[in-house]
Amino acid sequence: MARVTVVGGAGDVGALVLPLLSRYHTVRVADLRPPSGWRGDYVRADVADPAALRAACEGSDALVFLAMGTKRDWGTAGWARNQFAVNVEGLYSTLRAAAEVGVRRFVHASTASIFADYRAPLLPATGDAVDAYGLSKTAAELVCAAATREHDLTGISLRLVGPLADEAWQEYDDPHSRDVMTAGSDVARAFLAALDAPTTGYRTCMISGDHTGEHIDLTDAAELLDWRPLARREVAAPGETA
């Protein structure tokens, strides 16, 4: 059982992964507010406050970075600035602070949105998105790679595809993206696997519910994490609505 600091655990992805992580590890959440219903260790920390980040990571074996820019006023100039402030500057400060107090492993919540078309048969080596969210997350992966080299860390970025709570995932019916969205239980398993993966240096992998591999190549997740999506949608009985 490792001691894990989760930065940004009060958000949507935190709600998906904290219950499973806390079953196998000693988890401390560091965020501007505690997660809803969280009864574990919590400290208030801002990704713009290095001292608070160092205190939050003190004594931890690993870091999970889930913080992300605001969803409010999506597409505006203020929203764009916030994406870079949290996803890039905040990540840089967090990784540096964690390394300064002895943390040597991290898992970073990235996104398939770093790609202009994440369903393309051949994806570019690095993100090619041009919107502020995708571009900031592309820069975030560069920050992860640089921090790994500078501080001798081991890190993995999980490129998440549409993480949803299991019930919402079951009901999700957009025909364009239904087959690639990821159930929360599978997302949680990916973070748990990434914390324990026998890797070195910095790696990335896609995390999607596309269990057939028809749209998204999950080879890296299988090889690095021994992870595959397990959730399947319920099939309606004859005469019933799915």
| field | Close side-chain approach of I207 and F191, heavy atoms under 4.5 Å | value | no
| said: Would you compute the distance between atom CG of D220 and atom CG of L225 and round it to the nearest 0.5 angstrom? | reply: 9.0 Å
| message | Working note: V143 + V88, criterion side-chain contact (heavy atoms from CB on, under 4.5 Å); need CA distance, chi angles, decisive distance, verdict. | response | CA-CA 7 Å; V143 167; V88 183; 4.0 Å; yes
| remark: So OG of S157 and CZ of R203: to nearest 0.5 Å the spacing works out to 12.0 Å
| field | Contact check, side chains of F115 and D128, non-hydrogen atoms, under 4.5 Å | value | yes
| message | If you compare all heavy atoms of A188 against all heavy atoms of L16, which two are closest, and at what distance to 0.1 Å? | response | CB-O, 3.5 Å
| field | Any donor-acceptor N/O pair, S93 side chain to G90 backbone, under 3.5 Å | value | no
| request: For T5 and V64, run side-chain contact (heavy atoms from CB on, under 4.5 Å): C-alpha distance rounded to whole Å, both residues' side-chain angles, the deciding distance at 0.1 Å, then the answer. | output: CA-CA 6 Å; T5 294; V64 174; over 6 Å; no
| task | Show your reasoning for whether side-chain contact (heavy atoms from CB on, under 4.5 Å) applies to W227 and C205. | result | CA-CA 10 Å; W227 179 93; C205 58; over 6 Å; no
| Which residues, ordered by chain and number, are linked to W74 in its hydrophobic cluster, where ILVMFWY side chains connect at heavy-atom gaps below 4.5 Å, directly or through other members? | M68, W79, Y133
| message | Taking G69's backbone N and O only, do any of them form a donor-acceptor pair with N87's side chain (distance below 3.5 Å, no angle check)? | response | yes
| request: From the options R104, R3, R28, select the one residue that forms a salt bridge (charged side-chain N to carboxylate O under 4.0 Å, His left out) with D61. | output: R3
| task | Drop me the distance from H215's NE2 to H176's NE2, to the nearest 0.5 angstrom. | result | 9.5 Å
| task | Search all heavy atoms of P35 against all heavy atoms of Y42 and return the closest pair with its distance. | result | CD-CD1, 4.5 Å
| note | Taking every heavy atom of C144 against every heavy atom of L91, the minimum-distance pair comes out as SG-CD2, 3.8 Å
| said: Tell me whether the count of non-hydrogen atoms from other residues, nucleotides or ligands lying under 6.0 Å of CG in D131 goes above 12. | reply: yes
| said: Using side-chain heavy atoms (C-beta onward) and a distance below 4.5 Å, is T199 in contact with I156? | reply: yes
| request: Keeping the roles fixed (side chain from R96, backbone from H151), state whether a donor-acceptor pair exists under 3.5 Å. | output: no
| field | Side-chain (D186) to main-chain (L230) donor-acceptor, under 3.5 angstrom | value | yes
| request: Of all the heavy-atom pairs spanning D117 and L123, show the shortest one and how long it is. | output: O-CD2, 3.4 Å
| query | Under a 4.5 Å cut-off applied to non-hydrogen side-chain atoms, are R119 and E214 in contact? | reply | no
| query | Should L66 and L195 be regarded as members of a common hydrophobic cluster, given that ILVMFWY residues are connected when their side-chain heavy atoms come within less than 4.5 Å of each other, either directly or indirectly? | reply | yes
| request: Run the numbers on F65 and L95 for side-chain contact (heavy atoms from CB on, under 4.5 Å), then give the verdict. | output: CA-CA 9 Å; F65 189 88; L95 290 175; 5.9 Å; no
| Polar side-chain atom of T182 near backbone of G209 as donor-acceptor pair, under 3.5 Å | yes
| query | Side-chain contact, heavy-atom cut-off 4.5 Å: L63 with C57? | reply | yes
| said: Donor-acceptor pair, distance only, cut-off 3.5 Å: does the side chain of D49 make one with the backbone of A52? | reply: yes
Check residues 158-171 and write down every donor-acceptor pair under 3.5 Å in which the side-chain atom is one partner and the other belongs to a residue at least two apart or another chain.
from: R159; atom 1: NE; to: E141; atom 2: OE1; distance (Å): 3.4
from: R159; atom 1: NE; to: E141; atom 2: OE2; distance (Å): 2.9
from: R159; atom 1: NH2; to: E141; atom 2: OE1; distance (Å): 2.7
from: D166; atom 1: OD1; to: G184; atom 2: N; distance (Å): 3.0
from: D166; atom 1: OD1; to: S185; atom 2: N; distance (Å): 2.8
from: D166; atom 1: OD1; to: S185; atom 2: OG; distance (Å): 3.4
from: D166; atom 1: OD2; to: S185; atom 2: OG; distance (Å): 2.9
from: W169; atom 1: NE1; to: M181; atom 2: O; distance (Å): 3.0
from: Q170; atom 1: OE1; to: E234; atom 2: N; distance (Å): 3.0
from: Q170; atom 1: NE2; to: R232; atom 2: O; distance (Å): 3.2

| request: Mark yes or no for whether Y24, through its side chain, and A2, through its backbone, hold a donor-acceptor pair below 3.5 Å. | output: no
| field | Heavy-atom closest pair, residues S113 and A129 | value | O-CB, 3.3 Å
| said: Grouping I, L, V, M, F, W and Y whenever their side-chain heavy atoms are under 4.5 Å apart, do M206 and L224 come out in a common cluster? | reply: yes
| Hphob cluster co-occupancy, V43 + V7, side-chain heavy atoms under 4.5 angstrom | no
| field | Heavy-atom side-chain contact between V27 and W38 under 4.5 Å | value | yes
| task | Walk me through it: do E58 and R54 pass the test salt bridge (charged side-chain N to carboxylate O under 4.0 Å, His left out)? | result | CA-CA 6 Å; E58 186 74 47; R54 285 193 294 272; over 6 Å; no
| query | Are any non-hydrogen side-chain atoms of V6 and L18 less than 4.5 angstrom apart? | reply | yes
| field | Pairwise side-chain contact, L153 with F106, heavy-atom cut-off 4.5 Å (strictly under) | value | yes
| message | Same cluster or not: F84 versus I114, using hydrophobic residues (I, L, V, M, F, W, Y) connected whenever any side-chain heavy atoms lie under 4.5 Å apart? | response | no
| note | The reported gap from OH in Y172 to CG in D179 (rounded to nearest 0.5 angstrom) is 10.5 Å
| Would you say Y118 and V13 are hydrophobically clustered, going by side-chain heavy atoms of ILVMFWY under 4.5 Å? | yes
| Any donor-acceptor pair under 3.5 Å linking the side chain of Q83 with the backbone of T70? | yes
| message | Just verifying a value: how many Å separate S177 OG and D210 CG, rounded to the nearest 0.5 Å? | response | 12.0 Å
| message | To check you understand the geometry: which heavy-atom pair defines the closest contact between S208 and L218, and what is its length? | response | O-CD1, 3.6 Å
| said: Between R228 and D226, is the salt bridge (charged side-chain N to carboxylate O under 4.0 Å, His left out) condition met? List the steps. | reply: CA-CA 7 Å; R228 297 162 185 80; D226 193 24; 3.2 Å; yes
| Point-to-point distance, once rounded to the nearest 0.5 Å, from CZ of R105 to OG1 of T200 | 9.0 Å
